[in-house]
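Everything on this sheet refers to the single structure shown next.
Whatever order the structure lists them in is the order used to number ligands and atoms, beginning at 1.
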Amino acid sequence: MADLPPELIEALRDARRVVALTGSGISAESGVPTFRDAQTGLWANYDPQELATPEAFARDPELVRQWYAWRRELVERARPNAGHAALAELERSVPEFSLVTQNVDGLHQQAGSADVVELHGNILRSRCPVENVTVEPGEAEDLPPLCPNCGSPLRPDVVWFGEALPAAGLEAASGAARSCDLFLSVGTSGLVYPAASLPYEALENGAIVAEVNPERTPLSPSARFSLRGRAGEVLPRLVSAAFG
Ligand code: OAD
């Protein structure tokens, strides 16, 4: 990739409040498939957008369960990459840092990020749709997994299309976006709202917005800096240029 803009390195070094919003692209280098890139193998003919819905679960719970079991297996095998590690280091380097992720894979926490807002839930946890309580991995061994309290079939503890995001997480993310000096959008297509509105909230409040993505996105024309490259390559260079 091209050289890093010196103005961005300086802005990062001077920033007091930094927010990073991540999407599935940051985990691509860990082997977790993104949502909108072509799928491979068994699931090549399924559209994630048609499986990640309450309607799909109501129509064919077993299909949805199997698709999530496959994704969960990939996540369990995945390890954080250099991009996750760089964001964990950034958290330790700036006075205030908020990491907001749309990812459900827990890789930021594994990489050592202490404070992560999970906007779309976590795939390793399950939830009872009747009692709305979360069930940690290993607590329900049945197949299909059943709620240990009431016996209802469990669903993954993720946000599906058409469902509301956790209010507290969204409020924290929005507050952080509105008060930061520098906003990094990493590995997200920026197509799914309300997460996609966060960089615009930052822009409206005068923050510098930088994007890290090998492809152009709808945010690109508004971002002050568009770093075209992979998160696992660009982020470590950026963090070490600013703080190394
Ligand atoms: P997408 O699949 O929509 O977008 C992935 C983005 O990552 C694309 O813009 C790719 O160009 C980029 N990308 C690929 N490899 C990369 C790399 N190595 N480094 C940096 N970027 C890379 O995934 P999301 O934006 O995460 O929501 O999708 C947002 C939401 O839509 C997901 O959280 C999920 C999905 O439906 C729910 O399930 C509610």
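- Close approach of ligand 1 to Pro214 is summarised as follows: ligand atoms under 4.0 Å from at least one heavy atom of the residue are 13 (N), 16 (C), 20 (C), 21 (N), 22 (C).
- Inspection of the Thr53 and Arg59 side chains reveals no N or O donor paired with an N or O acceptor under 3.5 Å.
- When heavy-atom distances to ligand 1 are checked against a 4.0 Å cut-off, Ala52 has no atom that comes that close, whether in backbone or side chain.
- You'll find the side chain of Val104 stays beyond 4.5 Å of the side chain of Glu118, heavy atoms only.
- Atoms of ligand 1 found under 4.0 Å from any heavy atom of Gly23 (numbered from 1 in listed order, with element): 26 (O).
- For atom 27 (O) of ligand 1, the closest non-hydrogen atom of the protein is His120 ND1, 3.3 Å.
- The closest heavy-atom contact to atom 14 (C) of ligand 1, among the options Ala195, Gly121, Gly25, comes from Gly25.
- In terms of protein heavy atoms, atom 38 (O) of ligand 1 is closest to Val159 O, 3.7 Å.
- Close N/O approach between Phe35 and ligand 1 is found [any backbone or side-chain N/O within under 3.5 Å].
- If you look at Arg230 next to ligand 1, the close heavy atoms, those under 4.0 Å, come from the backbone and the side chain alike.
- A cation-pi arrangement is present between Arg71 and Phe35, with the terminal nitrogen or guanidinium carbon under 6.0 Å from the aromatic centre and inside a 45° cone about the axis.
- The side chain of Val192, and not its backbone, has at least one atom closer than 4.0 Å to an atom of ligand 1 (non-hydrogen atoms only; side chain from C-beta on).
- Shortest contact from atom 36 (O) of ligand 1 to any protein heavy atom: Phe161 CZ, 3.0 Å.
- Every atom of ligand 1 with a heavy atom of Glu215 under 4.0 Å away is listed here by number and element: 11 (O).
- Under the 4.5 Å side-chain criterion, counting only non-hydrogen atoms from C-beta, Thr217 is not in contact with Ser189.
- Annotation: side chain of Asn149 is not in contact with side chain of Cys128 (no heavy-atom distance under 4.5 Å).
- If you check the side chains of Thr134 and Asp157, you find no donor sitting under 3.5 Å from an acceptor.
- Gln102 OE1, 3.3 Å is the protein heavy atom nearest to atom 29 (C) of ligand 1.
- Nearest protein heavy-atom contact of atom 25 (O) of ligand 1 is Thr188 OG1, 2.7 Å.
- Among Leu154, Asn122, Val135, Asn132, the single residue meeting the side chain to side chain contact (heavy atoms under 4.5 Å, CB included) criterion with Arg127 is Asn132.
- Between Thr188 and Leu198, every side-chain heavy-atom pair lies at or beyond the 4.5 Å cut-off.
- Near Ala231, meaning under 4.0 Å from any of its heavy atoms, are these atoms of ligand 1: 17 (C), 19 (N), 20 (C).
- By the 3.5 Å distance cut-off applied to N or O atoms, Arg36 is counted among the residues near ligand 1.
- For Ile26, the closest heavy-atom approach to ligand 1 does not fall below 4.0 Å.
- Around the CD atom of Glu171, the shell of radius 6.0 Å holds no more than 12 heavy atoms that belong to other residues, nucleotides or ligands.
- In terms of protein heavy-atom proximity, atom 23 (O) of ligand 1 is nearest to Ser24 OG, 2.7 Å.
- Contact record, Gly112 with Ala88: C-CB, 3.9 Å, taken as the closest heavy-atom pair.
- Here Trp160 has no heavy atoms under 4.0 Å from ligand 1, in either its backbone or its side chain.
- The two atoms that bring Ala11 and Leu182 nearest to each other are CB-CD1, 4.4 Å, heavy atoms only.
- In this structure, the side chains of Tyr68 and Ser126 stay at 4.5 Å or more apart for every pair of heavy atoms.
- The distance from ligand 1 to the heavy atoms of Asn213 drops below 4.0 Å at these ligand atoms: 8 (C), 9 (O), 10 (C), 11 (O), 12 (C).
- The shortest contact between atom 6 (C) of ligand 1 and any protein heavy atom is with Gly187 O, 3.5 Å.
- Geometrically, ligand 1 and Glu29 share a nitrogen or oxygen pair separated by less than 3.5 Å.
- Aromatic ring pairs are classed by plane angle as parallel below 30°, tilted from 30° to 60° and perpendicular above 60°; the pair Trp160 and Phe57 is tilted.
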